[in-house]
Amino acid sequence: MSESIEKKWQKSWKENHIFEPSIDGKKFFITVPYPYANGPLHIGHGRAYTYGDVIARFKRMQGYNVLFPMAFHVTGTPILAIADSIKNGNKETIDLYKSYLNLYEDNEERINGIIEGFKDPERIALYFSEKIQRDFETIGYSIDWRKKFHTGETYYNKFVEWQYKKLYEMGYLKKGDYPITFSIVDGNPVGEDDIKDGDTDKVSIIEYIAIKFKFQDGYILAGTLRPETIFGVTNIWVNPEALYFKVRSGSEFYFVSKEAFEKLKYQIYDVEKVEEYRGEFFVNKFAMEPLNGREIPILPARFVDPDNATGFVKSVPAHAPYDYVALRDINFWEGKINPILVINIKGIDGIPAKEFVERNGIKDQMDPALEKLSEEIYRLEYYHGTMGENCGEFSGKLVQDIKDRIKEWIINKGYGIKFYETSRKAVTRSGNKVIVAVVKGQWFLDYSNQEWKKKTHELIDSMEFYPPSFAQQFHDVVDWLRERPCVRKRGLGTKFPFEDGWIIESLSDSTIYTAFYTIIDKIREYNIKPEELDEAVFDYIFNGKYSPGLEKFKEIRNLFEYWYPVDLRVSSLAHLSNHFTFYLFHHAAIFEKKHLPRGIMVLGMLISEGAKMSKSKGNVIPLATIAEKYSADLFRLYIVANADFDTVLDWREVEVKSLEKKLEKFKSIVEDSIGLPFMNELNYMDQYIINIFKVRLKKAYEYMDNYKFRDAMVEIFFNFLNDIKYYEKREGEERRKKIIRNILEDWLKALAPVIPHLCEEYWHRLGHQNFISIEKYPVTEDIDYSIIDSVNYIEEILEDIRNILKVSGIVPKRIYIYTSSERARKLMMIAKEDKSRAFKEAKDKTEISLIKQIISQRLFEKKCPENEEEIIKKSISYMERELNCEILLNSNEDPGKKRAYALPCKPSIFIT
RNA sequence: GCAGGGGUAUCCGAGCCUGGUCAAAGGAGCGGGACUUAAGAUCCCGUGUCGUAGGACUACGAGGGUUCAAAUCCCUCCCCCUGCACCA
C-alpha cells in the first residue's frame, strides 16, 4: 500500500521535472560521492544519500534553487577483476553475482544470460549503474538525473586528461621508484582485497637496511630494522640448513638467501645468480663490518628465517635479546665475543639485552617471549636512548632523532642498501606468495609539495565542517599525506596523458568531478564531440580563460559559474583520509578561489544489529529491498532520526519495528483529520497544542538549518506526537481530530524533507494541487509561551501529588491545594534581585523560612505563571480525573495547616 | 606507533562546547494498571537506594584538582572504537 503511494509520487515528481533546476535564484549545490558500480549498494551507502537528499529537500523548501546530482564510478581494478574471474569460471564469484542478480531478476535463465555478459566489464558497470539508479529512485531521492554519467565515458576521460595536464603544469606530478606489494606468480601488484585475510590482518611494507659485510670477493647482506645498532655488531647469524646464493648486481657480488634473491629480482632488478651454498658453508668463517673493518665471525642460529629479509642477520647482543640468547646458547663462542654497548638508557646500567633476558628468565633462543622483549627494548631505546661514545658523529644523540639520518648515512656511504619486506608472511587469495616489488618510474601526485599543502590548508580554513571538529582532522591529514602513486598498469580508466601504458588510478580520477556535473547535460544536449573538449575549452569553461572560437561554450561556462562551488559535500568517515582530502587538494590546485568547496559533512558509519556489515556475518542489508520491505519513508526517518549524523548508526530490526509503529500512529492521526474543517472556537487546550506546535516547529527549523535533523525530528515528530497524546488525554479523541486539522499543512511541510511520500500524499488529499516538495518551509511567530508554562505548571503539581501519594500510601479522598500569597511572590521578586534585602523585608519567622525555601529551591528561576489560582481552575477537572478524587483549591478550610507553606510556583498540598 | 573520537542508569543513546534549571531527553526492556472473552495492539503510571508528605543519600570509566556549585572545566591513569595509503 505504502509502496504504491511512494511509486505514485516518485513517478509524478519525475514527470513534472521538479528536481531539475534551471539557473535562476540563489543556488545550493549539494553532492554525495558517487558509488562504485560493481554490485548492489547496501543501506550504508544509503545513509549518505539519504542525508544528502534530506538536506537537498530542506534547502529547496527554504527557497534555494537546489542541484543534487549523481553519477557512477566504474574505473579501477575491481570491475575488471570480477569480469576476469567470471571469465575464468570462478564459482565463488559467479555465485556471488547470481545472488546479487536475484535482488533484481526472477528468471533463472535470464540471470545466467546476464552473468554470461558480465565477462565484459562494461556490462557489469552498466547493469549495476542502472540498478543503483532504480534503487535510489525507490527511496525517493530528489536527484537530477539529467546530470548522470559514468567515469568510463570518453567525455569524462577528456575531463580527467585536462585535470592532469593542469596538475602537470603546476609541477604536482612527480616520477620515481615506489615499493608495492606484489605477486610474482600473478605478475601483478596486489592490494588489500587481493591478499588473504588482508582486510582483517593488514600487510604493510617494511623498509630494511641490508648492511654489506665484506666476505670473500663480495658482500654478505644482513637485513636490519635497527641500523643504529650497527656500531655494536659482534657477529653474523646464518641458518645452516637454508639455501644461499651468491648473486651479481652490477659489478658487485652479494650473498643472500635463495628467497631474498627472488625478492631482489623485483627490487633492484639487475641481479643474477652466480653460485649456491648451504648455510653451513658460512659457519665459522669471517666477514668484515663496513665501519671499522673489524673481522667478525659468522655463526649458526636456528631463529634465522631465510624467507625474511636477506636471510642473514647481524648480531648485536647488547641490544637484541635474540642475539644475546643465541650467543649465550653457544657460550659466547667460547668466550671470544663480548656484547658492545652502543645505546645508553637512563635507569639501566648493564647490557640492556642481558638485563631483560635474565630478568624474564628466558631459557633459549626459541622462547616465544623473546618477541615481546625485543619490542620492549626497542621502544625503550628508540624513545629514551642516546647513542654511546663509540658511535662516531652520532655519539650522544637521541636515537629517535638520528635513526633516519643513520639510514641515509649508511646508504650514502655505500655501507648498505634498502631491502623491502612485507610486515607479515602473506599470500594472495589464490595462495600465491606476496612480496614487495619496486616499481620503477612510477608517477605520483606530490601531496608533499609544501606550496600545495599550504593552499589546501587555506581552503580548509575557509570552509564549514559538520561536525566542526573535523576541520582540525583535515589539517592533520593534509600535513601527513605524502606522495601518492596516481597511475596503475592495470584496470579501467583514463589513459595517463604523459606516458603510455599507464591508467589513472581510480581514486585519483575522482577528485574534481563535481564540476563535471554542472556541464555534462548540456554537452550531451549540444551534441558536442568528445574530441572537441580540448584543453582550451575546459580552460575556458572552468577557469574563464577565453580564447577566440569558444563562443559556443559560453552557455556551458555560465552553467558552471552559476552552480560552482559545491556548497556541501556529504559522505562517510571512510572517505576522510583519502577521497575528501584529495578533493580538497585538487580543488585548491585547479580552481579559482571563488569556486572552491564551501562545506563538508562527515557521517558516522552504519552498522547492522550491533556489528559492522559484512558478507561473512550475513548482516548486509541491500538497499534494493528496503522500499518494498519497509517503505522508503520509514527507512529515511530511521536514518535521520535514530542517531546524530556524526555517530555510529545501528540498523536494528526491533528499533525499525518500533519506529514503524510510531509512523503508523502518525499516519492515523493525519488521516483522522483530513476531511475535517478548521476549528474556530479554540479553548485552553487548543491554544496549548497550537502553541506547543509552534515551539516545536521553530526549534525544528533552527535544527534543520544547522543540519541537525535528528534533533529536528525529535521535536517535530516524536515530541509533538507525545504532545498530541497529552492533548488527547485531556480533551478526548474527537476534539484531537478536529484541532490537528488546524496545524496539518504546516506539520506536513515540516516533515516533508524526511518523509516526502507520505507528506506529498496527504498534501494532495487535503486538496492541494501543487507539490509539497517544493513548498516553502513554514515560519512561525507569535508564540504564547505562557500557556505552555501553565500546562507544565499543572503537571508539576500533579507530579508532587503523586509523589506524596506514593510515599505516604494514602488513598486520597480529598486534596487541598493552596497557591501562594501576593506577599510571598513579592518576597520572591526581591530575593531574585538581592537576597539579603529579602531577609530584611521579612516580617516574621514564617516569612524568613519562606525566603530560605525560595532561595534554596531557586524558585525565581522557574518559568512560573503569574495567575496560579486561575490556571489551576482551568485544569481542575482534569486533575480530579487523573487523581480520581475531589480537589479543593484555596479552600477556607485548612485541616493540614498547610496554607502558610505555599510558595510561588509551588503550591502547598494537603491530602486526606 | 601516529592521528582522530569515545567511556552516561538493565540495554541502546542524548547531554558535555556555553558549569547550577540533571536522578540526567528519547527509545528498548521490565513491573503495575486501563481496555479486551483472551492474547496482541493501544493508552496511563512506575522503573538508582532509602523514605507513612512533595525529601534525603549515592551516582555519569578510575583517581586527583578548580569552583559556593561539575556528567559538564583542568591534570593523571585505565579501557574501547576508527583511519593509516595505492584499495574502491
Side-chain angles (χ1 to χ4, degrees), chain A residues 33 35-38 73-79 178-181 189-195 198-199 202 204-205 375 378-379 382-383 439 442 444-445 447 467-470 472-477 479-488 491 505-508 510 573-579 581-582 604-605 610 612 641-644 646-650 652 654-655 657-659 661-662 664-665 668 710-711 713-714 718-719 722 725-726 728-729 733 796-810 857-859 861-863 882 896 898 901 906-911:
Chain A
Y36 193 67
N38 67 335
H73 198 197
V74 306
T75 44
T77 43
I79 288 185
Y178 197 71
I180 52 164
T181 44
V190 289
E192 186 182 299
D193 288 343
D194 308 315
I195 294 172
D199 49 344
K202 291 220 164 35
S204 53
I205 293 171
E375 265 176 48
Y378 176 71
R379 202 167 308 144
Y382 181 76
Y383 291 106
V439 178
Q442 170 75 53
F444 300 90
L445 283 162
Y447 291 127
S469 62
F470 276 88
Q472 186 51 47
Q473 209 166 328
F474 274 105
H475 279 304
D476 291 343
V477 175
D479 279 332
W480 158 91
L481 212 61
R482 304 195 309 264
E483 295 87 352
R484 181 193 161 90
C486 61
V487 295
R488 303 203 61 180
E505 178 269 331
S506 66
L507 272 182
S508 304
S510 304
L573 196 55
H575 280 135
L576 192 138
S577 62
N578 45 57
H579 169 72
T581 310
F582 303 158
M605 71 170 174
K612 212 169 166 174
N642 254 52
D644 288 328
D646 57 340
T647 62
V648 175
L649 170 60
D650 194 357
R652 287 159 75 182
V654 283
E655 303 272 342
K657 280 277 173 296
S658 122
L659 185 63
K661 278 182 213 158
K662 276 270 184 314
E664 289 302 320
K665 182 74 196 170
S668 70
R710 182 183 119 98
D711 293 317
M713 284 305 111
V714 167
F718 298 102
N719 286 349
N722 284 341
K725 207 151 76 175
Y726 178 71
E728 187 172 323
K729 181 165 98 177
E733 192 181 343
E796 275 174 32
I797 296 172
L798 278 173
E799 198 183 311
D800 279 350
I801 294 172
R802 288 196 183 106
N803 198 1
I804 296 166
L805 289 175
K806 183 185 147 203
V807 174
S808 65
I810 299 170
Q857 296 189 35
R858 305 177 146 266
L859 291 178
E861 285 178 8
K862 292 181 77 168
K863 285 177 186 164
E882 281 293 296
K898 282 282 190 177
Y901 295 98
K906 203 159 170 70
S908 65
I909 296 158
F910 180 72
I911 304 172

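Computation of the quantities below employed the complete heavy-atom set of this structure, encompassing side-chain atoms and omitting hydrogens, waters and symmetry-equivalent molecules. Here is how names work: the chains are called A, B, and so on, in the same order as the sequence lines, proteins then strands, and each is numbered from 1.
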With a 4.0 Å cut-off on heavy atoms, is [X] in touch with a base, just the backbone sugar-phosphate, or nothing at all?
X        : value
A:Leu481 : base
A:Thr77  : sugar-phosphate
A:Glu882 : nothing
A:Pro33  : nothing

Side chain to side chain donor-acceptor pair (under 3.5 Å) against [X], all qualifying residues, sequence neighbours excluded:
X        : value
A:Asn38  : none
A:Tyr447 : A:His586
A:Asp646 : none
A:Gln472 : A:Asp476

_Donor-acceptor pair (no angle test) under 3.5 Å: A:Arg710 side chain, B:rA25 base_ =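 Answer yes: a donor N or O sits under 3.5 Å from an acceptor.
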*By salt bridge (charged side-chain N to carboxylate O under 4.0 Å, His left out) - contacts of A:Glu483 (at least two apart)*: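 With neighbours one apart ignored, the set is A:Lys174.
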Which one is paired to [N], where only Watson-Crick or G-U wobble pairs with both distances under 3.5 angstrom count?
N      : value
B:rU66 : none
B:rC35 : none
B:rC30 : B:rG46
B:rG1  : B:rC84
B:rA9  : none

*Can you list the residues that meet the side-chain contact (heavy atoms from CB on, under 4.5 Å) rule with A:Lys725, with sequence neighbours excluded?*
A:Asn722
_Spatial distance of atom OG1 (A:Thr581) from atom CG (A:Leu481) [nearest 0.5 Å]_ =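 Going from the OG1 atom of A:Thr581 to the CG atom of A:Leu481 covers 6.5 Å.
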Restricting to ring pair (Phe, Tyr, Trp, His ring centres under 6.0 Å), what partner residues turn up for [X], sequence neighbours left out?
X        : value
A:His579 : A:His575, A:Tyr583
A:Phe470 : none
A:Tyr36  : A:His73

Nucleotide N/O of nucleotides 29-33 of chain B paired with protein N/O under 3.5 Å:
none

_Between A:Gln442 and A:Arg484 (side chain of the first, backbone of the second, donor and acceptor by atom type, cut-off under 3.5 Å), is there such a pair?_
no
Under-3.5 Å N/O pairs linking protein and nucleotides 49-53 of chain B:
from	atom 1	to	atom 2	distance (Å)
B:rA53	N6	A:Ile911	N	3.4
B:rA53	N6	A:Ile911	O	2.5
B:rA53	N1	A:Ile911	N	2.8

*For nucleotides 3-11 of chain B, read 5' to 3', which letter fits each nucleotide if B means a protein heavy atom sits under 4.0 Å from the base, S means only the sugar-phosphate is that close, and - means neither?*
SS-------
*Tell me whether the OP1 or OP2 atom of B:rA28 has a side-chain N or O from A:Lys662 closer than 4.0 Å.*
no
*Does the side chain of A:Arg484 get closer than 4.0 angstrom to OP1 or OP2 of B:rC84 through an N or O atom?*
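So the side chain of A:Arg484 is outside the cut-off, no N or O lying under 4.0 Å from OP1 or OP2 of B:rC84.
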